[in-house]
Amino acid sequence: MNIHEYQAKEVLAKFGAPVPIGFPALTVEEAVEAAGKLPGPLFVVKAQIHAGGRGKGKFKELAADAKGGVRLSKSLDEVKANAADMLGNTLVTIQTRDAGKQVNRLYVTDGADIAKEYYLSMLVDRASGRIAMVVSTEGGMDIETVAHDTPEKIQSITIDPAEGFQPHHGRAVAFALKLTGDLNKQAIAVAKSLYEAFVATDMEMLEVNPLVETTDGKLLVLDAKVSFDSNSLYRHPDIFALRDETEEDPAEVEASKYDLAYIKLDGDIGCMVNGAGLAMATMDIIKLNGAFPANFLDVGGGATKEKVTAAFKIILSDPAVKGILVNIFGGIMRCDIIADGIIAAAKEVNLSVPLVVRLEGTNVQQGKDLLANSGLPIVAADDLGDAAKKIVAQVKQAA
Ligand code: ADP
Ligand code: MG
């Protein structure tokens, strides 16, 4: 689960990370009011969307040379003009798709006098089973170029969670950032607070870019991008409350209500499968037959009729879907029950695209008979390879 920058900064501040003061705003008036509470003379109005690259982003509705989603403002009037420019408009960045994201929230924060920008991020490194702290002296909006052209300028420090954050980790971070004296001490403290926030809240990824050194010698977290491990949210109700569903894909939000694992993809063959491994194999075999899956969807081991119906509706809500492949192994659930669910769902949603069903497992013959006698144009398949061939052929024929 992702959250907004201002929320991430609130979380990090609780763990002692140095964060500039600021307030979220939903309207132009709130933005001006927020700026009024800041010391000035420089205010920064920042678009809050779940994507980075805002500074260099472009608004669809504004002139090509208009400023991006992070705007320095020298007066309350400028704050007002910038807020009015951004709210309701669509920001396209390197991290959004071409469609961009509508800006519905702003963050109005204290402007910093920047001497230098650094980079610090953290992630769970699955290869080592540890937490990697990735740092660079070359922070700021061009970190992707740094990573591409001069990867040696990015250093990684691994921390064993069993050992926790030790003083030597802090020293390694400060050394990699080439900081001395008081800034060195600050870097150690910042790294420690970020590590503690990361572990305590079950973050998956934390990116502070930039971490800045101000002209008066202070380190500040100037941007923060955080995502949490969704499987851990049940034990962090306070974090879960930060969820902004309007930033998520509506079909994925709907799927999560039914406990369906659904991820939208770019192809045109909708897939309904039980078990993540079988779902992956199904997507692979669709590709092997020259087509592309429209989604990943795991209905889970105990798929009920309600779940199957919800899954059908979600798949069909994607206008790109030209056909559906159902691939279910009836282990915990019997095939006849699944067939009942498929028939009911197909009738309820008024199925308008070809549907190929492959069933295997307990009571498979009863299941197949039910499908064959349903009066619906359902194509039965004998195995995975056969199913993929059939749905690809059906979709090509319909095109
Ligand atoms: P993004 O990464 O989405 O482009 P950032 O928050 O990193 O957004 O902002 C982009 C750039 O804007 C930063 O690298 C920094 O130079 C400048 N900036 C952001 N916040 C502030 C601030 N509070 N004071 C001064 N400059 C800022
Ligand atoms: Mg940034």
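As the structure lists them, so they are numbered: ligands from 1, and atoms in each ligand from 1. Throughout, numbering of the chain's residues begins at 1 and tracks the sequence.
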Any N/O of L42 closer than 3.5 Å to an N/O of ligand 1?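 Among all N and O atoms of L42, none is under 3.5 Å from an N or O of ligand 1.
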Using a 3.5 Å cut-off on N or O atoms only, is G53 in polar contact with ligand 1?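 G53 vs ligand 1: N/O contact under 3.5 Å present.
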Please give me the minimum heavy-atom distance between G267 and A320, naming the atom from each residue.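 Looking at all heavy atoms of both residues, the shortest contact is O-CB, 4.0 Å.
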What is the minimum heavy-atom distance between L91 and A47, and which atoms define it?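 Scanning both residues, the minimum pair turns out to be CD2-CB, 3.9 Å.
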Starting from [atom], locate the nearest protein heavy atom and write down its residue, its atom name and how far away it is, to 0.1 Å.
{"atom": "atom 24 (N) of ligand 1", "answer": "A112 N, 2.8 Å"}
{"atom": "atom 4 (O) of ligand 1", "answer": "G55 N, 2.7 Å"}
{"atom": "atom 18 (N) of ligand 1", "answer": "L222 CD2, 3.9 Å"}
{"atom": "atom 20 (N) of ligand 1", "answer": "K46 NZ, 3.2 Å"}
{"atom": "atom 10 (C) of ligand 1", "answer": "M141 SD, 3.7 Å"}
{"atom": "atom 22 (C) of ligand 1", "answer": "V44 CG2, 3.4 Å"}

Atom of D223 nearest the Mg ion (ligand 2) (restricted to N/O/S, atom name only):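 Restricting D223 to its N, O and S atoms, the minimum distance to the Mg ion (ligand 2) goes to OD2.
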Closer than 3.5 angstrom, by distance alone: can the side chain of [X] be matched with the main-chain N or O of [Y] as a donor-acceptor pair?
{"X": "S75", "Y": "E78", "result": "yes"}
{"X": "K9", "Y": "A224", "result": "no"}
{"X": "T362", "Y": "G330", "result": "yes"}

Within the 3.5 Å criterion, strictly below it, is a donor on H50 or D244 matched to an acceptor on the partner's side chain?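 No - no donor-acceptor pair under 3.5 Å links their side chains.
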Under a plain distance cut-off of 3.5 Å, with no hydrogens placed, do D216 and T214 share a side-chain donor-acceptor pair?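 Looking only at side-chain atoms, D216 and T214 do form a donor-acceptor pair, the distance falling under 3.5 Å.
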Let me confirm one number: the CG-CG distance from D336 to L371, rounded to the nearest 0.5 Å.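 Going from the CG atom of D336 to the CG atom of L371 covers 10.5 Å.
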Could you measure the distance from the CG atom of D160 to the CD atom of Q166? Nearest 0.5 Å is fine.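 With rounding to 0.5 Å, CG (D160) is 9.5 Å from CD (Q166).
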Decide, counting backbone as well as side-chain atoms, whether E207 has an N, O or S atom less than 2.8 Å from the Mg ion (ligand 2).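 E207 does not place any N, O or S atom closer than 2.8 Å to the Mg ion (ligand 2).
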Using a strict 4.0 Å cut-off to heavy atoms of [X], name the atoms of ligand 1 that fall inside it.
{"X": "G111", "result": "24 (N)"}
{"X": "V70", "result": "8 (O), 9 (O), 12 (O), 19 (C)"}
{"X": "D223", "result": "1 (P), 2 (O), 5 (P), 6 (O), 7 (O), 8 (O)"}
{"X": "R54", "result": "1 (P), 3 (O), 4 (O), 5 (P), 6 (O), 8 (O)"}
{"X": "E117", "result": "13 (C), 14 (O), 15 (C), 16 (O)"}
{"X": "G52", "result": "3 (O)"}
{"X": "I114", "result": "16 (O), 25 (C), 26 (N)"}

Residue-ligand contact D110/ligand 1, heavy atom below 4.0 Å: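 D110 counts as a contact of ligand 1 under the 4.0 Å cut-off.
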So, 4.0 Å and heavy atoms of P210: is ligand 1 close enough to count as a contact?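 Flag set, P210 near ligand 1.
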Could you check whether the rings of Y6 and H4 sit parallel, tilted or perpendicular, using 30° and 60° as the cut-offs?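 Because their plane-to-plane angle is under 30°, the rings of Y6 and H4 count as parallel.
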Can you tell me which residue among L222, V44, V70, I21 is in a side chain to side chain contact (heavy atoms under 4.5 Å, CB included) with T109?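 Exactly one candidate clears the test, V44.
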Positive for salt bridge (charged side-chain N to carboxylate O under 4.0 Å, His left out) with D382, one of K368, K390, K389: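 The single option meeting the salt bridge (charged side-chain N to carboxylate O under 4.0 Å, His left out) with D382 is K368.
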Per-residue contact class, N209 against ligand 1 - non-hydrogen pairs under 4.0 Å: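 Backbone only.
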